[in-house]
Amino acid sequence: MSIAVGLPVARGAVRLGRLHAISRRIPTAVALHAAFGALLAAGLHYRWTVAGGPAAGLLLPLVTIAGTASVTAVSTHGPFGDSEEATGRWLPWLRLTAALTLTATAYGSLAAAATFGPPPGGDLALLRDVAGSTGLGLLTAVLLGGAFGWTGPMAYYLATEIALTGNPTTPWIWTARPPHDVGANLCAGLVFIAGIATLTARGSRGRTGDTTV
């Protein structure tokens with residue numbers, strides 16, 4: 001009897017997860033993460049740089065990190081608005097699962113590029129930078145809406161690019177700090193946790209200010 005009851009529940013959970021993934025364009029987001037990983041792999045292999053100067057080797061990895069974080073943030077935007085919010089008691093868990101899954105695929109895609117050349121700072125710095133940038137994107141999605149979630153990571157990238165010219169010491173510019181810098185790692189981790197927790201609890205905002213996921 002328990003098996004007979006459990007199978008429909010399991011099928012329903014799988015179907016719900018699949019529909020949520022489709023509505024948030026998660027397959028497309030995963031493909032874009034892979035594309036950014038391919039871009040980073042090519043850049044590391046051929047030693048591309050975005051600009052000259054002492055920070056030249058950092059800028060292409062930062063571009064791809066900001067890109068994957070932006071994709072993750074934009075994917076939080078949902079099309080169904082209040083009706084989904086009112087009927088979806090599983091929505092917080094779906095938000096959490098989607099955000100963690102996309103964070104993992106972003107890191108995995110960029111870490112795989114390291115087989116073509118080590119990224120600056122190594123895998124630990126890459127994990128920190130992906131987590132922190134993704135957290136910024138999720139917080140932006142909650143405050144401004146998923147469609148504008150990309151603005152947080154991109155603004156942080158621009159601020160970092162400017163700060164790198166002056167050898168910043170603040171841990172909030174974690175991308176400029178060594179991989180074992182405790183303060184930088186804590187700052188990035190706190191931003192990621194805040195982004196995940198806020199998105200899970202509230203969802204991203206729609207055009208009218210209502211939560212949509």
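These values consider heavy atoms only, across backbone and side chains, with no hydrogens, waters or symmetry-generated copies.
- Using cut-offs of 30° and 60° for the angle between ring planes, the H45 and F116 rings count as perpendicular.
- L100 is connected to V142 through a chain of hydrophobic side-chain contacts under 4.5 Å among Ile, Leu, Val, Met, Phe, Trp and Tyr, so both are in one cluster.
- For the residue pair A29 and S75, the shortest heavy atom distance occurs at CB-CB, 4.4 Å.
- We find the OG1-CZ distance between T140 and F148 to be 12.0 Å, quoted to the nearest 0.5 Å.
- Side-chain contact between T134 and Y107 is absent, with no heavy atoms from C-beta onward closer than 4.5 Å.
- In this structure, L44 CG and L39 CG are separated by 9.5 Å, a value rounded to the nearest 0.5 Å.
- At a threshold of 4.5 Å between non-hydrogen side-chain atoms, the residues W174 and N185 do not count as touching.
- A pairwise comparison of heavy atoms in A113 and G37 identifies CB-O, 3.5 Å as the closest pair.
- Atom OG1 of residue T151 and atom CG of residue L144 lie 5.0 Å apart, to the nearest 0.5 angstrom.
- Scanning all heavy atoms of the two residues, the minimum distance from R25 to H77 falls at NH2-O, 3.0 Å.
- Qualifying salt bridge (Lys or Arg N to Asp or Glu O under 4.0 Å) partners for R128, counting only residues two or more places apart in sequence or in other chains: none.
- V130 and L40 fall within the same hydrophobic cluster, defined by Ile, Leu, Val, Met, Phe, Trp and Tyr side-chain heavy atoms under 4.5 Å apart, directly or through other members.
- Minimum heavy-atom separation, G137 to A73: O-CB, 3.4 Å.
- Cluster annotation: V63 and L158 are assigned to the same hydrophobic cluster (Ile/Leu/Val/Met/Phe/Trp/Tyr, side-chain heavy-atom contacts under 4.5 Å, transitive).
- In the hydrophobic cluster analysis, where Ile, Leu, Val, Met, Phe, Trp and Tyr join through side-chain heavy atoms closer than 4.5 angstrom, L139 is grouped apart from L102.
- Note that CG of L59 is 5.0 Å distant from CD of E161, once rounded to the nearest 0.5 Å.
- Every residue meeting the side chain to side chain donor-acceptor pair (under 3.5 Å) condition with T105, not counting sequence neighbours, appears here in chain and number order: H33.
- At least one side-chain heavy atom of L124 sits less than 4.5 Å from a side-chain heavy atom of H180.
- The hydrophobic clustering, which links ILVMFWY residues whose side-chain heavy atoms are closer than 4.5 Å, places Y156 and I65 apart.
- Annotation: the span from Y157 atom OH to W150 atom CH2 amounts to 14.0 Å, rounded to 0.5 Å.
- Closest approach of A98 and I26 over heavy atoms only: CB-CD1, 3.6 Å.
- A distance of 5.5 Å separates CG of L199 from OG1 of T76, quoted to the nearest 0.5 Å.
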Run the side-chain contact (heavy atoms from CB on, under 4.5 Å) test on L138 and I196 for me, step by step, so that the C-alpha distance in whole Å, both residues' side-chain angles and the decisive distance to 0.1 Å come before the verdict.
CA-CA 7 Å; L138 297 179; I196 287 286; 3.7 Å; yes

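- Between G146 and S204, the closest heavy-atom pair is N-CB, 3.7 Å.
- Residues T160 and I162 are not in side-chain contact: their nearest non-hydrogen atoms beyond the backbone lie 4.5 Å or more apart.
- Judged as a side-chain contact (heavy atoms from CB on, under 4.5 Å), and not counting sequence neighbours, the contacts of L32 are T28, V71.
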